[in-house]
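Computed from a predicted structure; not experimentally measured.
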Amino acid sequence: MSSPEDLAEIQQVCAGAIYKTEGGQKFVFLPALIVRTGDNTFTRDALLTLRAHSSYASRLFLSEQIPGRGGTYQTHTVLGRTWCTPSWKNVPPGRPIEMLMQHLKAYA
């Protein structure tokens, strides 16, 4: 997991995606990720965890909440920045692009 090929797949969705690491935890930073909801499109910086974080198998952190989507949000400080994330569980480990797509279903 987290190979250059995996990153290239994610860059098809978010061109500026890069890997970042904090405390041994690897993330995919997704600047200006497009998040589509039922009727709207939002642009948010995002951070995808590639392994378990805060009792979840994976997390997708956003720079701001998506109004009316995602349910209850929590905040976390990662990479020196405050992020929000909904309670969206059971995204299994796998290819990063698959994990990202599963997380984005919370906003559909």
Problem set entry | Test side-chain contact (heavy atoms from CB on, under 4.5 Å) applied to Leu48 and Ser58, step by step | CA-CA 8 Å; Leu48 175 67; Ser58 175; 3.9 Å; yes
Exercise. Taking atom types as modelled, is there a side-chain donor on Tyr56 or Thr85 under 3.5 Å from an acceptor on the other?
Worked result: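 Tyr56 vs Thr85: no donor-acceptor pair found between side chains.
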Exercise. Between Thr82 and His76, is any side-chain donor less than 3.5 angstrom from a side-chain acceptor?
Worked result: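 Judged by distance alone, the side chains do not pair up.
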With a 4.5 Å limit on heavy-atom distance, are the side chains of [X] and [Y] in contact?
| X | Y | value |
| --- | --- | --- |
| Val13 | Ile34 | no |
| Leu47 | Thr49 | no |
| Leu30 | Leu100 | yes |
| Tyr19 | Lys26 | yes |
| Pro96 | Leu7 | no |
| Pro31 | Cys14 | yes |

[X] side-chain N/O to [Y] backbone N/O, donor-acceptor pair under 3.5 Å:
| X | Y | result |
| --- | --- | --- |
| Arg59 | Pro86 | yes |
| Tyr107 | Phe42 | no |
| Arg51 | Ala57 | no |
| Glu9 | Ile97 | no |
| Thr77 | Gly80 | no |
| Asp45 | Ala32 | yes |
| Thr37 | Asn40 | yes |

For this session: Check the angle between the aromatic planes of Phe61 and Trp83 and answer parallel, tilted or perpendicular using the 30° and 60° thresholds.
Result: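 If you compare the ring of Phe61 with that of Trp83, the planes turn out tilted.
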Between [X] and [Y], what is the shortest heavy-atom contact and its length?
| X | Y | result |
| --- | --- | --- |
| Arg81 | Ser63 | NH2-CB, 3.4 Å |
| Leu33 | Ala46 | CD2-CB, 3.8 Å |
| Arg69 | Tyr73 | O-OH, 2.7 Å |
| Leu79 | Glu22 | N-OE2, 2.8 Å |

Shared ILVMFWY cluster between [X] and [Y], side chains joined below 4.5 angstrom?
| X | Y | answer |
| --- | --- | --- |
| Leu60 | Val78 | no |
| Val35 | Ile10 | yes |
| Met101 | Val28 | yes |

Problem set entry | Rounded distance (nearest 0.5 Å) linking atom OG1 of Thr72 with atom CD of Gln65 |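 Nearest 0.5 Å value for the OG1-CD distance: 9.5 Å.
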Exercise. Can a cation-pi geometry be assigned to Lys20 and Phe29, taking NZ or CZ under 6.0 Å from the six-membered ring centre and within 45° of the ring axis?
Worked result: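 Satisfied, under 6.0 Å and within 45°.
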